[in-house]
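In what follows, a single structure is set out as structure tokens and then discussed.
FYI, side chains are in, hydrogens and waters are out, and symmetry mates aren't considered; it's all heavy atoms of this structure.
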Amino acid sequence: MTSSRERLAAQQAELLKALLAGGDAPAGFDADRLRIEANVLRNKQSRLVAYLRPDLAEALGDRFAALFREYATSRPKTDTIRARAYADAFGAWLVERGEIPKPRGRFTRWLRQRRI
């Protein structure tokens, strides 16, 4: 038998998946409203990443939003990763995909240590 806490945790996880990782709307939720809210949250994250890593936003130009959406959907931010680390992980992902050139200097050392 599943406790009420476990059921609530599962429902919350389903809602977060819908909001942050492109999952289906849980039962009882309006799919259109969740899609709108998911876009709002992703845009907020995108602005924060652009603020923390303006070099990425500048290097990508018009491609920034689409690439960040792809990254954030497949790797949603959790409460265990800080915003700057998430922005840096996005940068590492871009380098690995060849979207931006491998940086030189301090960031290169950081990238080698993290290998995300």
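- Residues that satisfy the side chain to side chain contact (heavy atoms under 4.5 Å, CB included) test with Thr80, not counting sequence neighbours, are Thr78.
- Between Ala89 and Tyr71, the shortest heavy-atom contact is CB-OH, 3.2 Å.
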Side-chain donor-acceptor pairs under 3.5 Å in residues 19-39, sequence neighbours left out?
residue	atom	partner	partner atom	Å
Asp30	OD1	Asp32	N	2.8
Asp30	OD1	Arg33	N	3.0
Asp32	OD1	Arg35	NH2	2.3
Asn39	OD1	Arg69	NH1	3.2
Asn39	OD1	Arg69	NH2	3.3
Asn39	ND2	Arg35	O	3.4

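- Atom CG of Leu41 and atom CG of Leu16 lie 9.5 Å apart (nearest 0.5 Å).
- Note on ring orientation: taking the six-membered ring where Trp is involved, the planes of Trp93 and Phe90 are parallel (angle under 30°, cut-offs 30° and 60°).
- Residue Arg97 qualifies as enclosed at atom CZ: its count of foreign heavy atoms under 6.0 Å is above 12.
- With sequence neighbours excluded, the residues satisfying side chain to side chain donor-acceptor pair (under 3.5 Å) with Arg63 are Glu99.
- Every side chain to side chain contact (heavy atoms under 4.5 Å, CB included) that Ala50 has, sequence neighbours left out, goes to Ala57, Phe64.
- Under the side chain to side chain donor-acceptor pair (under 3.5 Å) criterion, Ser4 pairs with no residue, sequence neighbours left out.
- The backbone N or O of Glu70 lies less than 3.5 Å from a partner atom in the side chain of Ser74, making a donor-acceptor pair.
- Remark: side-chain polar atoms of Glu58 are not paired, donor with acceptor, to backbone N or O of Asp55 under 3.5 angstrom.
- Closest approach of Val49 and Tyr86 over heavy atoms only: CG2-CD2, 4.4 Å.
- Legend: residues meeting side chain to side chain contact (heavy atoms under 4.5 Å, CB included) with Gln12, ordered by chain and number and at least two apart, are Leu8.
- Taking Ile, Leu, Val, Met, Phe, Trp and Tyr as hydrophobic and joining them when side-chain heavy atoms fall under 4.5 Å apart, one finds Leu48 in a cluster with Tyr51, Leu52.
- With sequence neighbours left out, the side chain to side chain donor-acceptor pair (under 3.5 Å) criterion links Asn43 to no other residue.
- When side chains are defined from C-beta on, Arg47 counts as touching Lys44, because their heavy atoms get closer than 4.5 Å.
- Across Arg53 and Ala87, no two heavy atoms sit closer than the pair CG-CB, 3.6 Å.
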